[in-house]
Amino acid sequence: MLRFLVRRVLGAIAVLFAISVLVFLIFNVVPATNPAQRIAGKNATPQLIKNVEKEWGFDKSLPEQYWTQMKLIFTGEVKSYNAHINVDERIVEGIPATASLCIGAAIIWLAFGFLFGYLSAVRSGGWLDRGLTVLALIGISMPVFWLASILLYYFTYKIELFPPSGYEPLSDPGKWFSHLILPWISLAVLFAGFYSRVLRSSMLDVMNEDYVRTARAKGLSQRRVMVKHVLRNSLIPVITLFGLDFGVLIGGGAIVTESLFNIEGVGLFTAEALKQQDFPSIMAVTLFGAFFIVLFNILVDIGYAYLDPRIRLGASAA
Amino acid sequence: MPSESEKSGAETTALEGAVVSPGTGPGGSEFAIVEADSGARQGGGPWAIAWRRLRRNHFALFALGVFLLIVVCCLLAPVWANQVAHTGPNQTHTLEKLHEGGEVKEVVEPSGKAIGPQFFAAGGKFFLGADGHLGRDEMVRLLYGGRSSLFIGIVAAIITTILAVVFGLLSGFYGGWTDTVISRAMDVIWAFPVVLLAIALGIVLAVGGLEIGPIHLKSSSLWIPTLIIGIVYTPYMARPLRGEILAFREKEFIEAAVAQGAGPSRIMFLEILPNLMSTIIVFFTLNIANNMLLEAVLSYLGAGVQPPSSSWGTMISEGFEALYSQPLLTIIPGTAILLTVLSVNVFGDGLRDALDPKSKVRFEARAGSSDPEAIGPV
């Protein structure tokens, strides 16, 4: 276990390092415009641009710039080019909103994904299965904008059931909930559809296993066989996906949902940073997001060992 | 005697089935024997069997029909624009008036609200209304936008497939340091939030264009989002392909090819590649759907197709600004994406059932989508 953790943590650090270098190269070697010019403004004199270059360190060599950048991000002193705000603080401020959005959406999509997936597998081939399959495919194919626009238009404008948009802190649970319910639904629909498909096919595979026949032969009830033997052993692909998906979202991946509903979380900050090509913010946000992806990958592997005692952490390939 | 010849006959068929059968892999041989049996009765190889299975899936065929219809409509965009609507996708009609029967309607009211769907009331002009304050013909833009979206979806899928097959073959077949280098590089992209990588590249290139050696792409070129989408999805297809290739490398038919003196390229392209075809076809199809959704996300965030060119993503992004006064401007292009992606997904699902009844590809095909957002939502 310890060896596994050490190896995975070292691997994670290597991946994060590679990602930071990649982002750095994207914004420095594929130069769109001179960052100094962007900071100095449209009508800057050459002298002003020179000063800015000096002040922000753009005249240094690339490795040196990279090093300074990383030092600033990890000491929490990194400033954005545009508004000159502290990027790390801004990300931390966004965490409650992003976490509220992602955790709520995850509960909805897991509940519906499991319910629909379980029902389709148990009734596979029947009309219920077919109906749920169509629903799931529609969910998977739906662009988030489309659903979000319809929800926004209908529920906040036509019948004014929910407040328009924005995020309210949890200190007022009623407001918090009513502001988040539409974003939760928009974000959850695609995942619910996809997870129900994955769980269904995973359960169908497991149902053909010998130990399921044994369990039936022992005289266990259908429900007990399905829940204790089939469902539990079908969880691995779902857990894998959930780890990846949730890691991406919690790290600020819900860029579109957050900007559509104006939820001031990490995703909205990312969208703004990208639009303004604010390199320090993009770098910090990317590392923040990649950290969660890597972290959840490790958690998924630990989850495997818990679900299936046949999997040993030490032996699993990197 | 007859029993023996029968037996050897069945074996040959099964062997052929195992070699060419779509979806041969661990556990695939069982399927090959069963299918070879029915194949012997009805005639035809594994592809014919898959085709028969697909043909029975009316739902999937209907979806293919819908998709082809959408493609044809978008290809005919210039015909509609010139013959019916008499306007271009970027032509503005801010100050024009429409004469319908006795009524005169302004295309864009002074308040900035554009005209709604007219269908054939104005002879096909403004069939779906006009878009916002510029007064461009929504139907014409929808058709031309569909060309961009479909182009990006399909061409990016081709790029992903080629890259994934090449990298998958190289790393799965050669192993050793080739494998290590390629796999580690894939790991990095894997841990990179796909949407973020695509947007970062998209924004940088949308500002500066791309100039690498002989390739010069203008910043407004459709090829920029196409290349980006094609590249960022590559690991999601290359990884599962590599896994399959690793399994094939141990099979007897590869050993037989080596014993015949086949070189690496013959083994890779003539022995292994045909066995990967069913997986590749399924991935390719589902990839088109994912690409179109990612295009919409990129264009929505300003990192994809650049105005004034239209794509369904840019149309949604423009329409969203006027969501409460003219919801149709968001809903129409959104529905176009939904219908296209849905038809591709339904067909891809049917294709997978037909080619790969053991459902091996099932999770992986969308594990790529594990980028939640990429795939669609975000």
Side-chain angles (χ1 to χ4, degrees), chain A residues 11-12 15-16 18-19 22-23 26-27 30-33 133 137-138 140-146 149-150 152-153 157 186-187 189-191 194 197-198 201-202 204-205 237 240-241 244-245 248-249 251-257 259-260 270-271 274-275 277 282 285-286 289-290 293-294 297, chain B residues 59 184-185 187-188 190-197 199-201 203-208 210 289 293 296-297 300-303 312-313 316-317 319-320 323-324 327 330-331 333-335 337-346 349 359 362-363 366-367 369-373 375-378:
Chain A
V15 167
L16 289 179
I19 284 181
L22 191 61
V23 178
I26 290 177
F27 282 90
V30 193
T33 49
T133 298
L137 283 173
I138 293 178
I140 293 171
S141 311
M142 204 173 318
V144 76
F145 326 86
W146 187 81
S149 322
I150 290 180
L152 271 175
Y153 180 74
Y157 181 72
S186 319
L187 189 55
V189 164
L190 163 111
F191 294 109
F194 184 45
R197 299 289 291 156
V198 172
S201 39
S202 174
L204 290 181
D205 283 349
T240 313
L241 282 172
L244 285 167
D245 289 343
V248 171
L249 290 181
I255 299 176
V256 174
T257 310
S259 19
L260 284 170
T270 310
L274 285 164
K275 273 191 183 151
Q277 294 191 56
I282 295 172
V285 169
T286 309
I293 296 181
V294 175
N297 266 320
Chain B
F59 193 42
R184 291 308 133 224
D187 281 351
V188 171
W190 192 274
F192 209 128
V194 170
V195 183
L196 202 60
L197 176 62
I199 301 170
L201 283 170
I203 288 186
V204 167
L205 297 178
V207 175
L210 180 65
L293 290 174
V297 171
Y300 172 76
L301 293 169
W312 289 339
I316 293 183
S317 140
F320 192 73
L323 177 67
Y324 297 110
T330 311
I331 292 174
T335 309
I337 297 183
L338 173 64
L339 273 183
T340 315
V341 172
L342 182 61
S343 66
V344 174
N345 273 335
V346 171
D349 217 52
S359 77
R362 215 156 274 257
F363 317 124
R366 250 192 89 103
S369 80
S370 59
D371 170 355
E373 302 253 310
I375 297 303
V378 180

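Naming convention: chains lettered A, B, ... in sequence-line order (proteins, then strands); numbering from 1 in each chain. The model shown is predicted, which means the values in this text are computed figures rather than measured ones.
Here the OG1 atom belonging to A:Thr270 is positioned 8.5 Å from the CD1 atom belonging to B:Ile199, to the nearest 0.5 angstrom. Atoms CG and CD1, on A:Leu260 and A:Ile255 in that order, are 11.5 Å from each other to the nearest 0.5 Å. To the nearest 0.5 Å, atoms OG1 (B:Thr335) and CD1 (B:Ile316) are separated by 8.5 Å.
Of the two parts of A:Leu16, neither the backbone nor the side chain holds a non-hydrogen atom closer than 4.5 Å to a non-hydrogen atom of chain B. For chain A, the nearby part of B:Leu197 is the side chain; its heavy atoms alone come within less than 4.5 Å.
Of the residues considered (A:Val285, A:Leu274, A:Val15, A:Ile150), A:Leu274 shows the highest number of contacts with chain B, using heavy-atom pairs under 4.5 Å. Between chain A and the residues B:Leu301, B:Leu339, B:Val346, the largest count of heavy-atom pairs under 4.5 Å involves B:Leu301. The residue among B:Val341, B:Thr330, B:Thr340, B:Leu338 with the most heavy atom pairs within less than 4.5 Å of chain A is B:Leu338. The greatest number of non-hydrogen atom pairs below 4.5 Å with chain B, out of A:Ser259, A:Ala290, A:Gly252, A:Ser149, is found for A:Ser149.
Aromatic ring centres of A:Phe145 and B:Phe320: separated by at least 6.0 Å.
More than 12 heavy atoms of other residues, nucleotides or ligands sit less than 6.0 Å from atom OH of B:Tyr324.
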